[in-house]
Amino acid sequence: MKKTFFAKVYDVARRIPKGKVATYKDIARLAGNPKAQRAVGMAMKNNPDIKIVPCHRVVGSDGKMHGYSAKGGIASKIRLLKKEGVVFVENRVNLNISRWNKLKG
DNA sequence: CATTTGACAGGAA
DNA sequence: CTTCCTGCCAAAT
């Protein structure tokens, strides 16, 4: 049973801890292909269930976010992240602090 | 099998 | 800082 790349992406996205965010690139890398960040974005948008995949914890490499398939769109995404404790600066995530996998869990 | 899609990333101007 | 272009990918059509 070979998992599709999307399945791996969902699996990785699910293990993002609360209060942290990961970049599309990070997920692509953890999913097995560091260059497949575009496919990662596609997976998010094609997400099977927004409830089991915390897509809102996935942001761009700059801490900027591009979209959100769930209700409310980006605005809601920002709000959720803030609520979880992610550090924001203006409309950007402070990856230096809130990036997952950075160091020492 | 060919083409299109995009919630990317990195670089250049 | 913004805008435009290029490279790359897997899934969908």
Side-chain angles (χ1 to χ4, degrees):
Chain A
M1 166 60 177
K2 177 171 122 41
K3 278 166 136 181
T4 61
F5 184 78
F6 274 31
K8 296 188 195 171
V9 169
Y10 302 137
D11 200 46
V12 172
R14 266 196 304 263
R15 44 190 266 227
I16 301 176
K18 175 182 168 187
K20 293 272 183 179
V21 298
T23 68
Y24 295 92
K25 194 154 173 213
D26 282 350
I27 292 181
R29 180 168 160 144
L30 292 170
N33 285 9
K35 299 192 212 164
Q37 6 79 337
R38 321 235 13 207
V40 172
M42 271 304 180
M44 294 291 103
K45 149 172 197 223
N46 262 309
N47 67 6
D49 282 298
I50 200 106
K51 309 167 110 51
I52 64 171
V53 181
C55 335
H56 62 274
R57 295 192 191 140
V58 184
V59 301
S61 60
D62 305 30
K64 264 300 219 126
M65 50 196 70
H66 293 268
Y68 190 46
S69 242
K71 186 178 70 170
I74 292 199
S76 180
K77 179 167 169 178
I78 295 176
R79 189 180 319 192
L80 282 169
L81 291 173
K82 279 185 164 179
K83 239 174 138 174
E84 295 198 344
V86 174
V87 180
F88 268 75
V89 179
E90 292 292 315
N91 54 351
R92 251 158 97 155
V93 176
N94 188 334
L95 291 175
N96 199 47
I97 301 174
S98 299
R99 188 176 193 180
W100 179 46
N101 256 354
K102 192 187 177 227
L103 201 59
K104 64 169 183 178

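Please read these numbers as outputs of a predicted model, since none were measured by experiment. Computed from heavy atoms alone, side chains included, the values below leave out hydrogens, waters and symmetry copies. In what follows, every chain begins at residue 1, and chains take the letters A, B, ... in the order their sequences are listed.
Among all heavy-atom pairs drawn from A/Val9 and A/Ala43, the shortest one is CG1-CB, 3.8 Å. Between A/Gly73 and A/Tyr68, the shortest heavy-atom distance links the atoms O-CD2, 3.2 Å. What you find for A/Glu84 and A/Arg57 is that their closest heavy atoms are OE1-NE, 2.8 Å. For A/Ile97 against A/Lys20, the heavy-atom pair with the smallest separation is O-NZ, 3.3 Å.
The nearest whole Å value for the distance from the CD1 atom in A/Ile78 to the C1' atom in B/dA7 is 13 Å. The CG atom of A/Asn33 sits 15 Å away from the P atom of B/dA9 (whole-angstrom rounding). Taking atom CE of residue A/Met44 and atom C1' of nucleotide C/dA10, one finds them 13 Å apart after rounding to whole Å. Rounded to whole Å, the distance from CG on A/Asp62 to C1' on C/dC1 is 12 Å. Remark: P of C/dA10 and CG of A/Asn47 are 20 Å apart, rounded to the nearest angstrom. At whole-Å resolution of the value, CG in A/Asn91 and P in B/dA7 are 18 Å apart. Atom pair A/Arg92:CZ and B/dA7:P shows a separation of 19 Å (rounding to whole Å applied). In this entry the distance linking CG of A/Leu81 with C1' of B/dA7 reads 13 Å, nearest Å.
The residue among A/Met42 and A/Thr23 whose nearest nucleotide of DNA chain B is located toward the 5' end is A/Met42. Comparing A/Gln37 and A/Phe5 along DNA chain C, the residue whose closest nucleotide (by nearest heavy atom) sits nearer the 5' end is A/Gln37. Nearer the 5' end of DNA chain B, as judged by each residue's closest nucleotide, is the contact made by A/Asn46, out of A/Lys25 and A/Asn46.
At a cut-off of 3.5 angstrom, the base of C/dC9 holds no donor-acceptor pair with the side chain of A/Arg38. Put simply, the side chain of A/Tyr24 and the base of B/dA7 share a donor and an acceptor less than 3.5 Å apart.
A salt bridge links A/Asp11 with A/Arg14; the closest basic N to acidic carboxylate O contact falls under 4.0 Å.
Contact check, A/Ser61 against B/dG10: a side-chain N or O comes under 4.0 Å of OP1 or OP2.
Among the atoms of the strands shown, base atoms are found under 4.0 Å from some heavy atom of A/Ser69.
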